[in-house]
Protein chains: 2
Amino acid sequence: MTTTSPQGRTELLRPDGSPVRVLVVDDEQSITELLSMALRYEGWQIRSAGDGTGAVQTAREFRPDAVVLDMMLPDMDGLAVLGRLRRELPDVPVLFLTAKDALEDRIAGLTAGGDDYVTKPFSLEEVVARLRGLIRRSGAADRRSDSTLVVGDLMLDEDSHEVSRAGDNIHLTATEFELLRFLMRNPRRVLSKAQILDRVWSYDFGGQANVVELYISYLRRKIDAGREPMIHTRRGAGYLIKPAA
Amino acid sequence: MTTTSPQGRTELLRPDGSPVRVLVVDDEQSITELLSMALRYEGWQIRSAGDGTGAVQTAREFRPDAVVLDMMLPDMDGLAVLGRLRRELPDVPVLFLTAKDALEDRIAGLTAGGDDYVTKPFSLEEVVARLRGLIRRSGAADRRSDSTLVVGDLMLDEDSHEVSRAGDNIHLTATEFELLRFLMRNPRRVLSKAQILDRVWSYDFGGQANVVELYISYLRRKIDAGREPMIHTRRGAGYLIKPAA
DNA sequence: TGTGTTTCTCAGGCAATTCACAGGTTCCGC
DNA sequence: GCGGAACCTGTGAATTGCCTGAGAAACACA
């Protein structure tokens, strides 16, 4: 089932109307906290664990609908944790967190079963989007919830990563896509540059805040060029997207 | 739940009808006092703490619905305080106070979970508005409360920062917007220039008092021009806004 | 390794915004 | 009707915030 939150965003719910449950497993507390914050904001119920043993225990009693699992844990190998989790929760989808250079082929094999992964450092938008995808496809939430965001004549498909305006296909780079997704998930709402940076860029990004301006400018070139603009600047406050009308 | 106070203002209440609780954490007593006064005036119940230890203790027994947290505390780092607060109160939204120049380094990730921040020196209107937004979105208060202020045919949306009169869109600058928001949150009530200066301008503003007159004049040009005026001067007392009728 | 793509920094330019100042207008008591 | 206080608003200067071109660095992929 999907429902509309007071913010106007669409959130996933389980068939019985209760919130989706997600277990977050990572040994760095700053990461579990960051993820917990962001995922709670999605309206989900979160538990976290710092090692494999704790993960299995928590999973047993918490019965999550999805798991975020760091492959690098102090007490056991990621695969071992996965094995034990699977014994408790055979059908629950897992989102793996891995270091970029540790991108071994074994991950590729793991995701064949419908699981997914993101590399550290990740952006929150990416984690949230992938989790939504996993949960949606696993059937824990209502399957009718679909993967297309629509604002005016602008459409963005989260599964195929296709974007079009008034029927014309538009090619976006990865960052442009995430930025647009964030805007479109919060239509008619002013988003500050800090908010955008926090959600769309990875958590260790240390650069200039004006990348946001730059990417807004890129998006405008591709989306608004020669049409009624949909992306608006609220000077001193941030940016927002809304139907052209 | 929202209700209308004897003063005619709309205030947030918790679902059980009791007042919203806010914890204010700052080491400068002048700041906690300033904030406590302003927030009490909103009808909220306030406690304050001057350091991280006190904050965690107070949070434990006071169970606030929102926290205002200075990131610069004497005894612990702001992030450490945040971590401990989160362990006590996982779902409570936090409004961070930060120095303007500290914006680059530390802020990363702070707004990610739906939290928010304001930079020092802030205006009270801004703090109150953001807190209301956080509380509204967190669901501590009734979800029906929405983000639009209406006075007569004048509408102001706090999410999209859009303002319209009789359907016509009106563009306001940041300061004009805050001034109008303050007026509209106190309709039919005379607000003195001193009150306006204290609420809308930042607490360290040292300029001429006649900026208020100036900005009232700007607002009139945009809102009342060629229509029944809604902004009225009470000579010797202040200004008030009310429906044109 | 080479080529095209993507990400990001830097800095110049421009326009919006804020605010002080000062002269003009309105109001009110007498 | 007069004078002074309170208020209004035009002008312009300083500042701020935003936009965008150019190019360097990182990356992806053959």
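By convention in this document, chain letters (A, B, ...) are assigned in the order of the sequence lines, proteins followed by strands, and residues within each chain are numbered from 1.
- Checking dG21(D), dC8(C), dT17(C) against every side-chain atom of W201(A), the shortest atom distance belongs to dC8(C).
- Comparing dT7(C), dC19(C), dC7(D) by their closest approach to the side chain of V211(B) singles out dC19(C).
- A parallel orientation is assigned to the rings of F177(A) and H161(A), their planes being inclined by less than 30° (bins at 30° and 60°).
- Between L240(B) atom CG and dC7(D) atom P there is a gap of 13 Å when expressed in whole angstrom units.
- In this structure, Y218(A) reaches the bases: a heavy-atom distance under 4.0 Å links it to at least one base atom across the strands shown.
- To the nearest angstrom, C1' of dT5(C) lies 11 Å from CD of E176(A).
- Counting to the nearest Å, the C1' atom of dT7(C) and the CG atom of L172(A) are 15 Å from each other.
- Looking at the side chain of L214(B), the nearest of the listed nucleotides dT7(C), dT9(D), dG21(D) is dT9(D).
- Between dC8(D), dT17(C), dC8(C), one nucleotide has an atom nearer to the side chain of N210(B) than all others, and that is dC8(D).
- Applying the 4.0 Å criterion to OP1 and OP2 of dT9(D), one finds that R221(B) has every side-chain N and O outside that range.
- In this structure, R235(B) does not reach the dC28(C) phosphate: none of its side-chain N or O atoms is under 4.0 Å from OP1 or OP2.
- With ring centers used as reference points, Y215(B) lies under 6.0 Å from W201(B).
- For S217(A), taking side-chain heavy atoms from C-beta onward, the closest of the listed nucleotides dC18(D), dT20(D), dT7(C) is dT20(D).
- L191(B) places its CG atom 14 Å from the P atom of dC7(D), with the value rounded to the nearest Å.
- Here T233(A) does not reach the OP1 or OP2 of dG17(D): none of its side-chain N or O atoms lies under 4.0 Å away.
- If you take CZ on R189(A) and OG on S160(B), they are separated by 9.5 Å, rounding to the nearest 0.5 Å.
- For T175(B), taking side-chain heavy atoms from C-beta onward, the closest of the listed nucleotides dT6(C), dT18(C), dC19(D) is dT18(C).
- Between F177(B) atom CZ and dT17(C) atom C1' the separation is 16 Å, expressed in whole Å.
- Between R234(A) and E162(B) a salt bridge is recorded (basic side-chain N to carboxylate O distance below 4.0 Å).
- With values rounded to the nearest 0.5 angstrom, I170(A) atom CD1 is found 10.5 Å from E176(A) atom CD.
- Taking side-chain N and O atoms only, Y215(B) has no distance below 4.0 Å to OP1 or OP2 of dA20(C).
- Residue K193(B) places at least one side-chain N or O under 4.0 Å from the OP1 or OP2 atom of dC7(D).
- Distances from the side chain of Q208(A) to the nucleotides dC8(D), dT9(C), dC19(C) place dT9(C) closest.
- Taking atom CD1 on I216(A) and atom P on dT7(C), their separation rounds to 14 Å, with Å as the unit.
- Within the structure, every side-chain polar atom (N or O) of H232(B) is placed at least 4.0 Å from both OP1 and OP2 of dC7(D).
- In this structure, Y239(A) reaches the dC19(D) phosphate: one of its side-chain N or O atoms is under 4.0 Å from OP1 or OP2.
- By the 4.0 Å N-to-carboxylate-O rule, K120(A) lies close enough to E28(A) to be salt-bridged with it.
- Summarising the geometry, the separation between CZ on R234(B) and P on dC8(D) is reported as 12 Å, rounded to the nearest angstrom.
- L219(A) places its CG atom 11 Å from the P atom of dT7(C), with the value rounded to the nearest Å.
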